[in-house]
Amino acid sequence: MRNYKNSRDYGCWLNYDLLPPAFLAKYEQQFPTMAVPRGMALTQSITAELRRGLGGLVGQVPNLVEREDEAAVALRLEDAAGSPEGFKLTVRAGEGLLKVLISSPGEQGLLYGTFAFLRALQLGEVEPGWELQESPRSPLRLINHWDNLDGSIERGYAGQSIFFKDNHLVEDLDRVRDYARLMASIGINGIAINNVNVHREETHLIAAKAEMSRTISCIFQDYGIRLFLSVNFASPLEFGLDSADPLDPQVQSWWKERTRQLYAEVPNLGGFLVKADSENRPGPFTYGRTQAQGANMLAEALEPFGGVLIWRCFVYNCQQDWRDTTTDRARAAYDHFKPLDGQFRDNVVLQIKNGPMDFQVREPVSPLFGGLERTNHLLELQITQEYTGQQRHLCYLVPQWKEILEFDTYARGPGSTVARIVTGSVFPLRWTGLAAVTNVGSDPNWTGHTLAQANLYGYGRLAWNPELSAEDITREWATLTLGHDGDVVDTVSQMLLGSWETYENYTVPLGIGWMCNPGHHYGPNPEGYEYSKWGTYHKADHLAIGVDRSVQGGTGFAGQYHLENAQMYETVETCPEELLLFFHRIPYTHVLKSGKTLIQHIYDTHFLGVEQVEEMLAKWQGLADKVDPETFAHVLERLQGQLVDAKEWRDVINTFFYRLSHIPDAHNRKIYP
Ligand code: GCW
């Protein structure tokens, strides 16, 4: 069998194919030499990247020279102010050659500058007089793996873990290196390697199994990435203590000592990530303590080593009764954490899922954004497509993330967007940024669906700079990954950019969420979660659907937002229609702004969604001789599967509503009786 590592899909956006003739005319033989400062931790990675990148793109591997003034591409560590992760790139005309200078106060900046240079070269931007000065907008740009030590991945749709197998490290650590390189190329600087649901085996990653963490962290270190570990709040119990109470001095000193020893073994540790009091994980509530008391205890242990404690806000009652209408899961994160704002230590960072529920295809933004003013926090996104087609469906999430980032919280008046909050420009917070659950696994193409690589890429780019536009990121990814053919770039960009809306059209309407099969969450099942304990009800009956979350007469969730948004969500008339069923209970006969009734809207969007998948499929078929045959065949197969599944969604959802409402489709299309 051919080594899958030579495939284009494995190379992702770093294939570095020879540039097309028009570009080569500009760049060929322009970069014969490079100068890279010696003795840096990242010297080797930077040098190797330039060799590989230029060797591939312009067909000439540059020679290393000592003196900066003799080099076509020179890297300079500058003793200047500014972010050590930022860089400046300048290009000028030298004697017959281009002269590229990449400078930064830090070696990490030089690494990012190197990747930016190679990217710009592929996009044809490098020319005399061109300059680029960038630094990441926030200090934490994190990836979370939900990998278990046995090699399985919770909500993983691309094979097994690339780190773990049968409770050991995988043999192929080169692949971990390739991964670190991919992540560094998009600016990721921290990776949590294990599942936030920390089971028994994983508890030992901070102790007997710390050697595993160390090995991975050494690889990460070569790419400027810090390793994070998800830890079990009840670890002390596993190690012989009879309590995990955060106020118990014995527990406190146990964590301090364990953390000290861990740092001795894993110096490149960024800190801990904790899921506590959430979905049956242990936490401070067991001891009658607050989330702040729990987080602060761990943060104190990390503090001497500069570590940060990332504490998730996904705390809610998962033992609900569907008949209980007073408990609203959407309220939970805000209700738990808002009152604690200001009580957390400086090195605690709260990690908040984008929406108040759980990574649905459409949700409002969590009101904790704009709600928290004095506590460090991160936006948590889900790259892995748990509820959005599990990498069998094309569902490109960058447009969704852009909407979230552009949402105005009004926390400090107009313009207080989530993007500005998570980059620290609304509230002066030390630690801000983004985290996302990755979609990566051991599949040869990393992400199951090759086009799902765009989600991974797009996340990194947005974490670096949330102001980049979805269109720019998409075209950039398509060019780097699939080459310069304008038709391919246009077509694939269109497919990607429309795919989230398409997915929404044939799945769950107007923000209601769920309606999927319980457990694995794939495929339609309108009542799959309706009577379960998880608090995710849509309450459809024969007349209406939706949950009233207004203040007047509902659960009051709408009132958790700042006034402008609270008022907007409060009434049916002002609530954005795409979220109508999230905030209100609406009769099927209610007339929407389009002039259609709700029920007709549901029927129409479901028929439309399937047609849109048919169009995507046709578009892709049109690229048959323009993309790599292996990639072509694979994506084709996925799209064909998506079409079958989209029809199933359409029919199941439409039938469900028809049976409940008895209202026929105005166009008499086929809905099962
Ligand atoms: O969406 C839910 C998932 C769980 C996950 C949890 C979480 C890791 O279904 O699998 O557990 O969210 O985010 O903690």
Side-chain angles (χ1 to χ4, degrees), residues 142-158 161 163-164 191-203 205 228-234 272-283 285 291 294-295 310-320 329-330 332-333 336-337 349-363 366 368 377-391 395 397 400 434-441 459 507-508 513-523 525 528-529 532-537:
L142 308 180
I143 286 283
N144 293 181
H145 281 257
W146 286 352
D147 294 21
N148 302 315
L149 254 63
D150 64 5
S152 62
I153 304 179
E154 182 151 349
R155 311 306 177 190
Y157 311 106
S161 171
F163 303 127
F164 311 120
I191 300 180
I193 58 171
N194 63 307
N195 190 354
V196 289
N197 288 328
V198 186
H199 310 291
R200 186 162 237 146
E201 282 291 333
E202 291 83 22
T203 298
L205 279 173
F228 285 77
L229 289 173
S230 298
V231 301
N232 172 1
F233 189 81
F272 298 147
L273 169 62
V274 189
K275 170 176 179 177
D277 292 315
S278 166
E279 302 188 329
N280 308 313
R281 306 317 297 166
F285 285 168
Q291 297 292 297
I310 302 173
W311 186 270
R312 296 176 86 227
C313 295
F314 191 50
V315 179
Y316 70 97
N317 173 4
C318 65
Q319 299 294 340
Q320 233 180 286
R329 172 166 162 184
H336 284 300
F337 287 91
V349 190
L350 298 182
Q351 183 168 305
I352 308 162
K353 287 192 183 189
N354 62 266
M357 298 296 274
D358 192 6
F359 300 136
Q360 299 303 292
V361 67
R362 174 86 63 178
E363 282 185 48
S366 166
L368 276 175
H377 56 287
L378 296 170
L379 166 64
E380 177 179 331
L381 301 171
Q382 195 184 43
I383 313 174
T384 193
Q385 292 170 238
E386 176 176 1
Y387 293 98
T388 50
Q390 307 198 349
Q391 281 124 262
C395 183
L397 294 165
Q400 185 202 54
L434 281 81
V437 186
T438 191
N439 59 354
V440 157
Y459 166 70
T507 59
V508 271
W514 315 96
M515 296 203 160
C516 57
N517 282 304
H520 57 71
H521 298 167
Y522 192 79
N525 184 345
Y529 274 104
S532 71
K533 59 186 180 172
W534 297 97
T536 57
Y537 317 114

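The figures that follow rest on heavy atoms only: side chains count, while hydrogens, waters and symmetry mates do not. As the structure lists them, so they are numbered: ligands from 1, and atoms in each ligand from 1. Predicted, not measured: the structure shown is a model, and the values here were computed from it.
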Atoms in ligand 1 flagged as close to [X], the criterion being non-hydrogen separation under 4.0 Å:
X    : answer
H521 : 9 (O)
E154 : 4 (C), 5 (C), 8 (C), 10 (O), 11 (O)
F314 : 6 (C), 7 (C), 12 (O), 13 (O), 14 (O)
W146 : 5 (C), 7 (C), 8 (C), 13 (O)
D358 : 1 (O), 2 (C), 12 (O)

Inset, instruction - Have a look at ligand 1 and work out which part of V437, if any, has a heavy atom under 4.0 Å from it: side chain, backbone, both or neither. - result: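 None of V437 does.
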Say whether, by atom type as modelled, one donor and one acceptor occur between the side chain of [X] and the main chain of [Y] under 3.5 angstrom.
X    : Y    : answer
Q390 : H520 : yes
Y459 : A435 : yes
T384 : V437 : no
N194 : L229 : no

Inset, instruction - Check whether any heavy atom of Q382 sits under 4.0 Å from an atom of ligand 1. - result: no
Inset, instruction - Mark the output for F359 as yes if a heavy-atom distance to ligand 1 is under 4.0 Å, and as no if none is. - result: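 Distance cut 4.0 Å: F359 fails for ligand 1.
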Inset, instruction - Examine the side chains of E154 and N197 and answer whether a donor and an acceptor come within less than 3.5 Å of each other. - result: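 There is such a pair (donor and acceptor under 3.5 Å, judged by atom type) between the side chains of E154 and N197.
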Legend entry - Donor-acceptor pair between E363 and N354 side chains, under 3.5 angstrom: no
Taking both backbone and side-chain atoms of [X], is any N or O found less than 3.5 Å from an N or O belonging to ligand 1?
X    : answer
E380 : no
R155 : yes
N195 : no

Among all protein heavy atoms, pick out the one at the shortest distance from [atom]; state its residue, atom name and that distance to 0.1 Å.
atom                    : answer
atom 12 (O) of ligand 1 : K353 NZ, 3.1 Å
atom 8 (C) of ligand 1  : N197 ND2, 3.3 Å
atom 14 (O) of ligand 1 : K275 NZ, 2.6 Å
atom 6 (C) of ligand 1  : E279 OE1, 3.3 Å
atom 9 (O) of ligand 1  : E386 OE2, 2.6 Å

Legend entry - Residues that N525 engages under side chain to side chain contact (heavy atoms under 4.5 Å, CB included), provided they are two or more places apart: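 Applying side chain to side chain contact (heavy atoms under 4.5 Å, CB included) to N525 gives N517, P518.
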Legend entry - Within the 6.0 Å centroid threshold, strictly below: H521 and F359: no
Inset, instruction - Compute the centroid of each ring, for Y387 and then for W514, and state whether the two points are separated by less than 6.0 Å. - result: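 They qualify: ring centres under 6.0 Å apart.
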Inset, instruction - Can you measure from CD (Q400) to SG (C395) and round to the nearest 0.5 angstrom? - result: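 That separation rounds to 7.5 Å.
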